[in-house]
Number of protein chains: 2
Amino acid sequence: MALRHAVLAALLDGELSGYQLAKAFDVGVANFWHALPQQLYAELAKLEQEGLVAGRRVVQETRPTKRLFHVTDAGLTELERFAAAASKPSFIRDDLLVKVQAADHVDAGPLIRQVEERAAMAEAKIDLFRRILRKMRGGLGEEEFLRAGRRVGPYLTCLRGLAFEEGNRDWCLRTAAILRERSPAAPDGRTAAVPGEGIAAMPREGTAPAPRNPEVAHAER
Amino acid sequence: MALRHAVLAALLDGELSGYQLAKAFDVGVANFWHALPQQLYAELAKLEQEGLVAGRRVVQETRPTKRLFHVTDAGLTELERFAAAASKPSFIRDDLLVKVQAADHVDAGPLIRQVEERAAMAEAKIDLFRRILRKMRGGLGEEEFLRAGRRVGPYLTCLRGLAFEEGNRDWCLRTAAILRERSPAAPDGRTAAVPGEGIAAMPREGTAPAPRNPEVAHAER
DNA sequence: TATGACTATTCAACGAATTGAGTAGCAGCG
DNA sequence: CGCTGCTACTCAATTCGTTGAATAGTCATA
């Protein structure tokens with residue numbers, strides 16, 4: 001139930017069309033949420049029905065007519081309500097982490113390549129975020145802007161995005177180096193996986209009073 | 001289509017029941033994916049049908065009978081295939097970031113409280129991750145373990161989780177401090193929001209050759 | 001001796017997200 | 001002149017994820 005609020009938050013800085021919104025949410029710049037165009041159009045329609053946003057039609061000379069949306073007072077009230085309610089914890093969902101989790105059972109070559117690719121993507125995002133931050137604070141220094149700037153919300157979320165991508169890059173580079181070193185093969189990848197057993201991955205530590213192994217009989221299937 | 005692979009990856013270190021799997025995926029320890037028990041039971045059933053995992057029934061004295069699952073050869077092959085295929089970029093979805101994005105339009109008090117609460121949660125996870133890492137590497141130093149340890153996949157993903165939570169904590173503390181300083185009110189929160197206009201949040205920079213403002217006429221609704 | 005918490009799983013219903021396709025005019029390129 | 005790509009949006013199908021509830025025995029706590 002939070003896409004709607006993400007949309008409201010994104011519209012706070014001025015009118016946007018569904019299309020512009022989609023750009024903002026799609027490409028890397030979605031540093032606080034992610035969504036596809038179809039979802040956004042659908043959400044805008046719902047928000048408009050409920051009176052939380054309002055749109056005005058803008059006819060253009062050379063391009064298709066578009067509709068620019070802005071947050072209404074009711075929308076602001078709803079955002080206020082949302083902001084005061086409890087947040088659910090954020091969680092990561094990342095293909096690449098799943099693959100690294102399985103790293104010891106899987107061909108290291110392609111994995112290393114993907115981790116390094118991801119490092120490069122992170123680097124690109126870091127550059128982008130830095131540019132955006134510079135633009136937002138205008139001539140001011142960061143501390144100054146954060147103390148006195150008019151609108152710091154987007155700046156703060158962008159800072160989080162920056163730190164996230166820096167963490168990503170650092171971890172990817174280190175991980176790639178480690179996997180490369182462990183992988184006895186050619187410098188550009190290409191290895192057979194070394195199976196390797198043991199050492200529990202997940203903790204499954206005694207939260208309960210240690211179930212003193214109540215297993216008794218085994219029947220299959 | 002990656003929950004299945006997350007399950008396979010989690011089962012690599014030994015048999016788990018749906019329930020145990022749910023624990024691992026639910027509480028903080030899901031440092032590479034997140035899912036609810038119902039999803040996991042459903043996914044296990046599908047995986048079993050497709051022969052990617054196999055379960056054996058374990059009758060227990062005092063507790064309900066459970067089924068322990070392990071990855072089959074076909075499952076390993078599928079993981080291998082997955083690991084070699086392209087990854088989709090990871091994205092963040094976080095309520096709290098949405099709220100901070102709207103920080104300038106919203107009551108600062110509850111927000112600050114939530115950000116600080118999140119910092120504390122991050123701290124707790126940091127402790128947990130550090131304990132897990134220590135346990136995984138046994139007596140060895142980190143570098144040593146990463147060079148020579150048998151199973152580094154889970155260690156590496158846990159390192160990412162640790163760095164993520166450290167980033168979370170640092171950002172939350174800084175953000176809380178900034179919002180507190182900007183908020184003219186009592187030291188424990190309670191402020192009226194300062195509306196404030198301008199400054200574009202999203203970049204919407206000229207990716208296309210600068211649409212030289214083709215707006216012409218406005219009609220409403 | 002209730003009470004609630006844990007183990008272990010299943011079912012149903014709903015809402016959210018992804019996939020894929022389609023429309024249609026304009027701009028720039030070779 | 002045809003091609004690709006951009007703006008701007010819509011529709012349908014399907015899968016994925018969340019919410020809520022139920023069952024049923026065991027164990028520790030008050």
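A, B, ... follow the sequence lines: proteins, then strands. Residue 1 opens every chain.
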- Query: A:Thr65 versus A:Gln60: any side-chain heavy-atom pair under 4.5 Å?
  - Reply: no
- Query: Whole-Å distance between C:dT9 P and B:Tyr41 OH?
  - Reply: 4 Å
- Message: Let me spell it out: for each of A:Pro37 and B:Leu36, pick the nucleotide of DNA chain D with the closest heavy atom. Which residue's pick is nearer the 5' end?
- Response: A:Pro37
- Item | Distance below 4.0 Å between A:Thr62 side-chain N/O and D:dT7 OP1 or OP2 | no
- Query: Side-chain N or O of B:Lys23 less than 4.0 angstrom from OP1 or OP2 on C:dA8?
  - Reply: no
- Query: Taking the side chain of A:Arg93 as its heavy atoms from C-beta onward, which of D:dT26, D:dT18, D:dA8 lies nearest to it?
  - Reply: D:dT18
- Using a 4.5 Å cut-off on heavy atoms from C-beta on, say whether the side chain of A:Arg67 contacts that of A:Ser17. no
- Message: Expressed as a whole number of angstroms, how long is the span from A:Gln20:CD to D:dT7:C1'?
- Response: 10 Å
- Query: Whole Å only: how far is the CD atom of A:Glu43 from the P atom of C:dT18?
  - Reply: 13 Å
- With sequence neighbours left out, what residues match B:Arg160 under salt bridge (Lys or Arg N to Asp or Glu O under 4.0 Å)? none
- Looking only at side chains, do A:His5 and A:Glu78 share a donor and an acceptor under 3.5 Å apart? yes
- Task: Kindly compute the distance separating CG (B:Leu156) from CD (A:Gln101), expressed to the nearest 0.5 Å.
- Result: 9.5 Å
- Note on the structure: Out of D:dC9, C:dA8, D:dA8, minimum distance to the side chain of A:Arg67 belongs to D:dC9
- Task: Rounding to 10 degrees, work out the angle separating the end axes of the helix from C:dT1-D:dA30 to C:dG30-D:dC1 (five pairs an end).
- Result: 40°
- From OH (B:Tyr19) to CG (B:Leu68), nearest 0.5 Å: 14.5 Å
- Task: Using atom CD of B:Gln38 as one end and atom P of D:dT15 as the other, report the distance to the nearest whole Å.
- Result: 20 Å
- D:dG25 base to B:Glu61 side chain: any donor-acceptor pair below 3.5 Å? no
- Query: In whole Å, what is the span from the CG atom of B:Leu21 to the P atom of C:dT10?
  - Reply: 13 Å
- Message: Side-chain N or O of A:Ser17 versus OP1/OP2 of D:dC9: is the shortest distance under 4.0 Å?
- Response: yes
- Where the side chain of A:Trp33 is concerned, which of C:dC26, C:dA17, D:dC27 is the nearest nucleotide? C:dA17
- Note on the structure: Note: for A:His34 and B:Thr65 on DNA chain C, the residue whose nearest nucleotide lies more 5' is B:Thr65
- To the nearest angstrom, the CZ-C1' distance between B:Arg57 and C:dA8 comes to 12 Å
- Task: Mind calculating the distance between NZ (B:Lys88) and P (C:dA17) to the nearest angstrom?
- Result: 14 Å
- Item | Selected nucleotide, minimal atom distance to B:Tyr19 side chain, candidates C:dA8, D:dT10, D:dC9 | C:dA8
- Item | Face-on cation placement of B:Lys99 at A:Phe82 ring, 6.0 Å and 45° thresholds | yes
- Message: Counting only side-chain heavy atoms from C-beta out, which of D:dC27, D:dA8, C:dA8 sits nearest to B:Lys66?
- Response: C:dA8
- Just do the salt bridge (Lys or Arg N to Asp or Glu O under 4.0 Å) check on A:Arg151 and A:Asp13 with the steps written out, would you? CA-CA 9 Å; A:Arg151 179 105 170 84; A:Asp13 292 295; 2.5 Å; yes
- Give the rounded distance in Å between these two atoms: CD of B:Gln39 and P of D:dG17. 5 Å
